Protein chains: 2
Amino acid sequence: MKDSQNGPGTSLIDYPRPSVAVDTAVLTVADGSVCVLLVRRAEDHQHGRWALPGTFLRERETLADAVLRCLREKAGISGRVPRQLQVFDDPARDDRGWVLSVAHVDVVPLAALEEALASDGVRLAFVTREPELIAGLPYGHADIVAKAVAWLRAAYAEAPDPGELLAEPFTLKDLRELHETVAGSMLMRDTFRRFMEPKLQGTGQMSDGTRGRPSRLWVRDKS
Amino acid sequence: MKDSQNGPGTSLIDYPRPSVAVDTAVLTVADGSVCVLLVRRAEDHQHGRWALPGTFLRERETLADAVLRCLREKAGISGRVPRQLQVFDDPARDDRGWVLSVAHVDVVPLAALEEALASDGVRLAFVTREPELIAGLPYGHADIVAKAVAWLRAAYAEAPDPGELLAEPFTLKDLRELHETVAGSMLMRDTFRRFMEPKLQGTGQMSDGTRGRPSRLWVRDKS
DNA sequence: TTGATTTAGATCATTTCTGCGCTAATTGCT
DNA sequence: AGCAATTAGCGCAGAAATGATCTAAATCAA
């Protein structure tokens, strides 16, 4: 790859360089709905508005590291596995200059967010129940949320709780309700069971203390 | 998104910035195999080696524009619809400095490459038949090729010839042979027909001059 | 204690899908 | 002209998946 005509011995790369930012949609499930984490902007630019947590890349920092640092610094949470979604490159996207933003998604269980949510600089937004809030986010963050949710749906259609939102062990009913929340629609009980059971690892245990007949308990397949 | 503590009135963004490059895997089908376009590096760095065409981003240029410019300048071809695959951010990936590379894929029919292939600075590599050539590409380009081919396979499993490789009109047999090449395996004739027919638009015409019984001719659905 | 309610897990009939095989239509060879 | 080879398109039987039904096992309310 790389440039066209650089003089002999050119080791530094003297081309114009964009600022590179990472923006992250932290998704979780709360109250039977998919939620995204927002932070109130502490910076001068768009000060006080709710937005996705984001930061500029530091020297030689990898994108995943920048995402995790940003979540720690701006939201006070510890990220899990940031995944790239897309690079947004609209030159007019940010009026401060030429900025490329690499959108990411990360899935974090609600329990790991509770502490951070005590701060009034951090909140959750219900993705489907608060469409106007999401649509009003600055910097085209609404597109990122949409991409993130689409990614989440695709991931949950493939495997049992790939975001590790459920505490182990769990019943197939727990798992199905989570997947229904993510999918936004009812899932057929038998079809779901037939698809997921072979992808799970059974513990010998049964649920109890719950209403109705006890159910087998499962954990995500570690293999 | 964006930085943490910038002084009042800061409109320029004074953080360290990486060089940003785009690298593109131009895929096509030739000789019944999936191929990727390589160019001989004209630059000092890795001079003369085969590599994917790539370039550094110019001021305020979008990624797609950079890809199309790069294909025009380095390979002498006109790209179609560049799609982002992934950002490669390994700090040690390029020994010239801190470089982020945004990998892209574009699908171009062989006919649109023939002219460029006359040059000895441009060639095709058979993705499956020349594994050692692909594996030996510099800058981790082998990973990009792998991602590009995976993307191509996924796209061709969903829709009839999404890369628009076939000249219209075509028969279902033409289409199936193309999809078999991309998939790298035989596809069941009837299953393929049942899946693709509703996604195609029929012309009233029939193929003729060909061996065997004439077949209906189709075009990709424009709706 | 007893019956209503809830949920789990298995069985079963029905629908849907898959892949084989038959017939039709054409070219090319003798 | 006639036969072999090739390909298209459709019908059909077997396979697989689906969604409903039935029974079992527990809690909760009276």
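Proteins come first, then strands; the chains are lettered A, B, ... in the order of their sequence lines, and each starts at number 1. Here the structure is a predicted model, which means the values were calculated and not measured.
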(message) Please enumerate all residues that pass ring pair (Phe, Tyr, Trp, His ring centres under 6.0 Å) together with F192(A), with sequence neighbours excluded.
(response) H179(A)

(message) Rounded to whole Å, how long is the line connecting atom CG of L217(A) with atom C1' of dT7(C)?
(response) 14 Å

(message) What is the distance, to the nearest angstrom, from the CZ atom on R211(B) to the C1' atom on dA25(C)?
(response) 13 Å

(request) Would you mind building the protein contact string for nucleotides 8-20 of chain D? One character per nucleotide, 5' to 3', B for base within reach (heavy atoms under 4.0 Å), S for sugar-phosphate only, - for untouched. (result) BBB-------BBB

(request) Kindly write out the residues that satisfy salt bridge (charged side-chain N to carboxylate O under 4.0 Å, His left out) with E180(B), not counting sequence neighbours, or none if the list is empty. (result) R176(B)

Would you tabulate the side-chain donor-acceptor contacts of residues 151-171 of chain B under 3.5 Å, counting partners in other chains and residues two or more places apart, or write 'none'?
from	atom 1	to	atom 2	distance (Å)
R153(B)	NE	V182(B)	O	2.7
Y156(B)	OH	D161(B)	OD1	2.5
Y156(B)	OH	G163(B)	N	3.2
D161(B)	OD1	E164(B)	N	3.3
D161(B)	OD1	L165(B)	N	3.0
D161(B)	OD2	L165(B)	N	2.9
D161(B)	OD2	L166(B)	N	2.8
D161(B)	OD2	R220(B)	NH1	2.5
E168(B)	OE1	K222(B)	NZ	2.8
E168(B)	OE2	R220(B)	N	2.8
E168(B)	OE2	K222(B)	NZ	3.1
T171(B)	OG1	K173(B)	N	3.3
T171(B)	OG1	D174(B)	N	3.0
T171(B)	OG1	D174(B)	OD1	3.4
T171(B)	OG1	D174(B)	OD2	3.2

(request) Return the value, rounded to whole Å, for the distance between atom CD of E177(A) and atom P of dA8(C). (result) 9 Å

(message) Just to verify, what does D106(A) make a side-chain hydrogen bond (donor to acceptor under 3.5 Å, both in side chains) with, not counting sequence neighbours?
(response) none

(request) Would you list the pairs meeting salt bridge (Lys or Arg N to Asp or Glu O under 4.0 Å) in which at least one residue belongs to residues 129-141 of chain B, sequence neighbours left out? (result) D31(B)-R129(B), R123(B)-E130(B)

